[in-house]
Every structure is written in structure tokens, then in C-alpha cells.
Amino acid sequence: MKKNIAILAHVDAGKTTFSEQLLYNRGVIRNRGRVDDGTTLLDTNEIERQRGITVFADQAAFSYGKNTYTLIDTPGHIDFTPETERALQAADYAICVLSAVEGIQGHTETLWRLLDQYQVPVFFFLNKTDREGADPAAVRKDLADRFSISCPNLHMGLSAPQTIEALAESDETLLELYLNGQGTAPCFLQETIKAVKERRIFPCMEGSALLNLGIDSFFAVLDALTETSFQTDTPFGALAYKIRHDAKGNRLTFLKITSGVLHVKDAVTSPTGEIQKVNEIRFYNGEKFTPADRAEAGDLCAVTGLSFTRPGEGIGVCQQKIDFSVTPLLTAKVRFDPSLSPTEVQQAFEFLADEEPMLGTVWNEKLQELQVRIMGTVQTEVLCALVPKRFGFPVAFDSCKVLYKETIAAPVTGCGHFEPLKHYAEVHLRLAPGLRGSGIQFDSICPTDVLDKNWQRLIRTHVFEKEHLGVATGAPITDISITLCTGRAHIKHTEGGDFREATYRAIRQGLMQAETVLLEPVYRFSITVPADLIGRVMADIQRMSGNFQPPESRRSGLCLTGTVPVSEAMEYPKEFLSFTKGHGTISTVFGGYQPCHNAAEVIENAAYQPESDLENTPDSVFCSHGSGYGVKWFDAPKHMHCKV
């Protein structure tokens with residue numbers, strides 16, 4: 001049986017040490033590496049070894065009994081959460097490592113949200129029980145309370161009476177079997193396996209990875225309580241979960257084979273119907289790989305020869321397409337030597353964006369600057385080290401700025417017309433405010449006898465193919481429902497690109513009429529401090545334009561929860577650490593976008609001139625006497641050929 005296990009943790013919980021000890025115990029490595037020495041198997045990149053943190057998700061394979069495992073090591077730092085989210089797409093189960101001393105930390109909640117979102121079954125390992133202050137029982141209770149889950153303590157092993165009782169207490173079906181005297185029967189074990197897979201229970205064990213305490217017993221329990229089923233006698237399908245480039249520049253697509261078998265030189269189909277051949281199949285163990293002729297359902301492998309793959313998209317019969325939830329909240333300007341061509345630098349970052357799609361490289365023509373979207377300052381530090389090694393030139397970054405978004409307050413109808421000589425397209429779109437967090441939605445009420453279905457599909461494509469900018473600050477628009485009301489094509493002169501121009505202009509023309517609502521990202525925070533510090537924290541949150549619920553009592557102090565603008569709170573964790581002197585915890589996770597608390601100030605500082613942004617013009621183009629002429633957005637409606 002093949003099982004793919006992702007391992008996750010907050011920074012410094014001991015995840016890499018746990019992985020290293022497990023791989024040593026299973027005979028994958030001869031010597032246990034140390035994070036401090038930069039000698040671990042799965043932190044293969046030089047930057048990871050220098051910094052002592054995991055940046056890239058790597059994997060290693062090993063056997064346990066009759067089962068074959070692939071362990072996927074994921075980053076623990078919040079700046080590299082997108083890498084973790086992508087890695088989860090390859091996981092059948094997950095191990096979440098927590099420190100038995102510090103317990104649930106800031107990033108733990110983000111990781112739990114991802115595990116919950118993708119419904120990944122989880123085993124908890126409470127690490128560092130050898131350290132002073134370790135309290136695994138308290139951490140288990142905190143897990144159960146904070147995440148509303150059952151965390152039975154299986155530290156004694158599956159056959160122990162205490163374990164059977166703990167399992168029975170954690171699940172109604174298991175309790176019924178136990179009360180019927182079947183606590184030691186095979187059906188009890190099978191129902192436990194089912195309960196884990198269905199995320200009804202989350203087994204919890206403890207030990208010390210550094211001292212090799214509890215590692216083997218933990219994995220014995222995991223092995224007994226996990227099962228997978230993959231079909232090899234069905235058509236080929238796979239999900240891409242990671243893109244990398246090897247030392248020779250070959251593009252590697254990391255796949256989880258979801259069904260069937262893949263052979264070298266097989267032709268595979270993209271979601272859009274494009275066909276390409278697989279040149280190589282590789283099985284990776286850390287930075288080393290073994291070439292293979294085939295891979296089958298359940299395998300995690302890397303292939304060369306595919307250029308159309310994107311993380312989160314299926315190929316072959318796998319039609320899955322994942323819209324990843326972790327998005328950058330910050331943007332930063334890239335600084336580089338003036339002797340370098342901006343195009344050269346942009347191409348380098350676009351190359352990196354192939355591996356890290358959230359990087360979001362944007363060239364601002366007006367400001368003549370390259371901007372990238374990032375998760376935080378640690379990511380910029382890694383990029384500063386990575387770019388010279390990969391491309392041979394140094395870069396630096398300006399201070400991070402918040403990535404704002406724009407929406408509208410009330411419905412409007414936008415129109416766009418594009419009719420230079422021998423071209424023709426007209427589009428009328430209804431723009432209405434959407435639910436917060438809904439992004440861009442599209443619908444059509446245009447009859448097909450007015451505009452052919454093929455043209456309507458093309459308009460839909462143009463709505464989603466680019467990031468449309470708002471007119472207040474030039475920030476991306478979101479939470480808008482766009483409805484195609486009507487449109488017109490010419491039987492002779494209309495080409496596909498004409499509807500692109502008309503659609504873009506219709507959206508922009510509508511935005512020019514609308515009342516803009518500027519949105520800013522907010523953190524959801526959870527802060528626990530001794531009672532004598534809660535007043536200081538509440539005052540700080542109010543100063544940062546945040547809001548909070550009444551404090552709640554926790555075993556380690558008083559807990560305050562609420563939301564606060566990212567722009568105000570980016571540096572607060574450092575301040576918090578200073579005045580609490582380590583006697584408190586702060587957890588921040590992305591809490592969505594809300595109306596900006598200082599919108600007028602942000603708009604003024606942006607100094608954005610929407611009509612000067614020629615790449616996003618709201619104006620239309622009409623034709624008269626064989627030549628095209630421009631019409632300003634505010635005059636365009638009375639020139640339109642369609643009536644709404």
C-alpha cells in the first residue's frame with residue numbers, strides 16, 4: 001500500500017528533527033543530520049541550510065512493513081505557506097508536530113485551517129517532552145478546545161486498555177462498539193481507521209525527536225491507522241502540485257498519480273486539450289533522484305517535457321483545479337543595477353513565478369519599476385539570496401507595502417465598443433457588489449439570438465484572463481459580480497481580439513461610474529498574556545484601528561481575539577515580544593479583506609490617475625467614414641449601438 005504523508009509544524013516545533021529521526025530509524029539515512037549544522041536530508045537548498053529553515057517542500061521515500069511511504073517535508077515559516085498549501089495536494093494524511101512546551105503557536109492556526117479546508121486526516125505529535133515546562137496533556141486539551149476536535153491520547157499503543165478507552169470516549173461509533181464488548185475486536189480497529197480517515201478523531205502522541213523518544217511507537221500507530229486505495233487499471237490521471245527546475249534548467253513537474261499508469265514518452269493532455277510527451281520520470285529522495293520507466297496510481301514523481309502544467313491543476317482524466325486560498329498581502333519594489341535590462345530582471349522573476357505562482361510579478365510601465373507580491377520580509381531575504389545564485393545578479397527590495405483591493409458600492413452598467421477599421425465588438429456589462437471574499441463572478445442574461453454563445457464564452461474568458469484594476473488606486477478589483485447584458489458582433493469584421501478590447505473597456509467604463517470601496521487585508525489575531533498586560537494589549541489594538549471581543553480566561557492568562565489592519569500590525573509582533581518579555585503568545589492569520597480604515601489617505605498617497613493608465617483605458621473606439629476615432633468614457637453610452 002502506498003501512503004503519502006505531509007509533515008507540518010510551526011517554526012521551531014522540531015519538524016525537521018522529527019523527519020530526520022524518522023528517516024534514520026527507517027534506514028533511509030546513515031547519520032542523523034542537524035538543522036544547526038545544515039546537514040539534514042530534506043533541507044537540500046543551500047539557502048535552507050544557511051538559514052536553518054525549510055523553504056521548499058521536499059520528499060523522501062521509505063518502507064514500513066508491507067507499505068511504501070513518501071514523506072513530504074513542508075515549510076514552517078508563515079512566509080512560505082503557499083508552498084505548504086501546494087504540498088498538501090499530494091498528501092493522503094498529515095503529521096502535525098507541536099512543541100509540548102509552547103503548544104499551539106501563531107502559524108499552527110493557519111496550518112490547521114489549510115488541513116481543514118482540504119480535509120486532510122491528521123496525526124499530532126507533541127514534541128520536546130524532554131524539556132522543562134512540557135505539558136502534553138494541556139496541549140491536547142488546548143487542541144480539542146481551540147479546534148473543536150477529538151484528540152485521543154494513543155501514547156501507550158493501540159492494544160493498551162487506556163488507548164481503547166480513550167478512543168471509545170472520542171467517538172460515538174467507537175463507544176458503541178466498546179460498550180458491546182468489542183473494544184479488542186478487529187471491527188474496532190477498522191472503525192478507528194475509518195474515524196481517522198473521516199476526520200472524526202485526530203490521534204495524538206508525544207515524545208522527543210531530538211532524543212528519539214516516541215518516534216517508532218508513533219509511526220507504528222500511524223501505519224496501523226492509515227489506509228489508501230489507488231486504481232492502476234483505469235485511465236491515467238494526475239495532479240500537479242509543484243514546479244521546479246533542475247541544475248540543468250529542465251522544468252520538473254511534480255505529480256501525484258491519481259489513477260492509471262504513466263510511462264516515459266506517454267502523451268498527456270492538459271485541461272485545455274493540449275498534448276505533450278513525458279520525457280523522463282524521476283523519483284526524488286531529497287535532492288537525489290532515481291529515473292524510472294513508469295509511475296502508477298499513488299506514486300509521487302517528477303516528470304520532464306511538460307510546459308503547460310500548473311500547480312493545483314489536473315492532467316489526463318483528472319479534471320481537478322484548485323484555487324489556492326493563501327495569497328500574498330504585501331507588495332515590494334525590486335531594486336537592481338541600472339546596467340541591467342529591466343526585461344532581463346523581469347524574465348528572471350517570471351521564471352521564479354513559474355515555481356512560485358503567488359509571486360505575482362508586475363512591471364509598472366508608468367513608474368518604470370518591477371513589483372512582486374510577497375508574503376513577508378523573510379521571503380524577500382530568501383529572494384535576495386536566491387536570485388544571484390540562479391541568475392547571476394544581485395537584487396534588493398524596498399520596504400513591503402500592503403496590497404489593497406477595490407470593489408464597488410452599488411450596481412452600474414459599463415459599456416465598451418471597439419471599432420477601428422475592419423474590426424467590431426460591443427459589450428454591455430452589469431457590475432454589482434459581490435459577497436466579501438467572493439472574488440469575480442460572471443453570468444450572462446444575453447439571449448443567444450442577440451449574441452452567439454461562442455462570443456459570450458469569449459467574453460467570459462476575457463473577464464477572467466487578466467487582473468482588472470480599480471480606478472481609485474489602481475489596485476486589483478474583487479468581490480464584483482459581472483453580468484453580460486447584451487453585445488454585438490459583425491458577421492464579417494469581428495475577430496476574437498475585438499471582444500477582448502470591448503470587454504476590458506466595458507469593465508473599466510463601469511468602474512469609472514461606480515462608487516469605489518477600497519479594501520484592505522486584515523489579520524485575525526489571538527493574543528494571550530498575563531492579566532496585568534491585557535490593558536496594554538487592548539489599547540494597542542485600538543490604536544491600530546482594530547477591534548476585539550471581551551477577553552477570555554485561558555490556562556496561561558487572558559486571551560484577546562479580534563481583527564486588525566495588516567498595514568498597522570505588520571511590525572506589532574516585534575513590539576509585543578519586547579514588552580511581554582516572552583510571557584505571552586500572539587497568533588495572526590489572514591482574516592480576509594474589509595473596507596479600509598484610512599481609505600482617503602491611501603487614495604491620496606497613491607495619486608493614481610485612471611484616465612492616464614492607457615493600458616486600462618475606459619474609453620471606446622468607433623468608426624466613421626473608414627477611420628476609427630476615440631470617444632471618452634463619459635460620452636460613450638450615447639454612441640453605443642446596443643440599448644440596455
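Since we're looking at a predicted model, the values are computed, not measured. For the numbers below, each heavy atom of this structure counts, side chains included, while hydrogens, waters and symmetry mates do not.
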With a 4.5 Å heavy-atom cut-off, do [X] and [Y] have their side chains touching?
| X | Y | answer |
| --- | --- | --- |
| Y608 | D613 | yes |
| Y404 | S567 | yes |
| L8 | V122 | no |
| Y118 | Q89 | yes |
| R373 | T327 | no |
| E369 | D398 | no |
| K321 | P271 | no |
| Y523 | I586 | no |

Going from [atom1] on [X] to [atom2] on [Y], what distance comes out if it is rounded to the nearest 0.5 angstrom?
| X | Y | atom1 | atom2 | answer |
| --- | --- | --- | --- | --- |
| D58 | R244 | CG | CZ | 7.5 Å |
| I322 | E85 | CD1 | CD | 8.0 Å |
| E109 | L114 | CD | CG | 12.5 Å |
| I72 | I5 | CD1 | CD1 | 8.0 Å |
| F147 | T108 | CZ | OG1 | 6.5 Å |
| T461 | K466 | OG1 | NZ | 15.0 Å |

Are R390 and F351 in a cation-pi contact, defined as NZ or CZ under 6.0 Å from the six-membered ring centre and within 45° of the axis? no
May I ask you to check whether over 12 heavy atoms, not counting those of E604, lie within 6.0 Å of atom CD?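 Counting other residues, nucleotides and ligands, CD of E604 stays at 12 neighbours or fewer.
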K401 NZ: over 12 foreign heavy atoms closer than 6.0 Å: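 Counting other residues, nucleotides and ligands, NZ of K401 stays at 12 neighbours or fewer.
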Nearest heavy-atom pair of [X] and [Y]: which atoms, and what distance?
| X | Y | value |
| --- | --- | --- |
| T309 | A240 | CB-CB, 4.4 Å |
| R508 | N616 | NE-O, 2.6 Å |
| I408 | A514 | CG2-CB, 3.6 Å |
| F349 | V372 | CD2-CG1, 3.7 Å |
| I603 | A472 | CG2-O, 3.9 Å |
| P433 | P411 | CD-N, 3.8 Å |

Taking the side chain from [X] and the backbone from [Y], do they hold a donor-acceptor pair closer than 3.5 Å?
| X | Y | answer |
| --- | --- | --- |
| Q371 | V362 | no |
| Q379 | F80 | no |
| N605 | E601 | yes |
| K15 | G76 | no |
| N127 | A209 | yes |
| D73 | Q59 | no |
| K405 | D479 | no |
| T617 | L614 | no |
| T253 | I243 | no |

Mutual orientation of the aromatic rings belonging to F125 and F18 [parallel < 30°, tilted 30-60°, perpendicular > 60°]: tilted
Would you call the rings of F124 and F202 parallel, tilted or perpendicular if under 30° counts as parallel and over 60° as perpendicular? tilted
Ion pair check, [X] and [Y], cut-off under 4.0 Å:
| X | Y | result |
| --- | --- | --- |
| R146 | E552 | no |
| R131 | E102 | yes |
| R536 | E575 | yes |
| D92 | K256 | yes |
| R86 | E356 | yes |
| R199 | D116 | yes |
| D540 | R543 | yes |

For the pair L330 and M570, evaluate side-chain contact (heavy atoms from CB on, under 4.5 Å) and give the outcome as yes or no after the intermediate values. CA-CA 10 Å; L330 307 174; M570 279 192 293; 3.4 Å; yes
For the pair T84 and T110, evaluate side-chain contact (heavy atoms from CB on, under 4.5 Å) and give the outcome as yes or no after the intermediate values. CA-CA 11 Å; T84 299; T110 301; over 6 Å; no
Please step through side-chain contact (heavy atoms from CB on, under 4.5 Å) for the pair V537 and F579, ending with a clear verdict. CA-CA 10 Å; V537 172; F579 75 77; 4.0 Å; yes
Side chains of R430 and T413: donor-acceptor distance under 3.5 Å anywhere? yes
Using distance alone, with no hydrogens and no angle criterion, decide if E615 and Y504 have a side-chain donor and acceptor under 3.5 Å apart. no
Determine the sole option in V334, L359, V395 for which the side-chain contact (heavy atoms from CB on, under 4.5 Å) test with L383 is passed. L359
Step-by-step side-chain contact (heavy atoms from CB on, under 4.5 Å) determination, T516 to L511: CA-CA 8 Å; T516 296; L511 293 173; over 6 Å; no
For this output row, return yes or no: ring centroids of F525 and Y572 closer than 6.0 angstrom.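 Aromatic pair excluded; centres sit 6.0 Å or further apart.
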Run T361 and Q346 through side-chain hydrogen bond (donor to acceptor under 3.5 Å, both in side chains) and show every step you take. CA-CA 7 Å; T361 304; Q346 184 176 5; over 6 Å; no
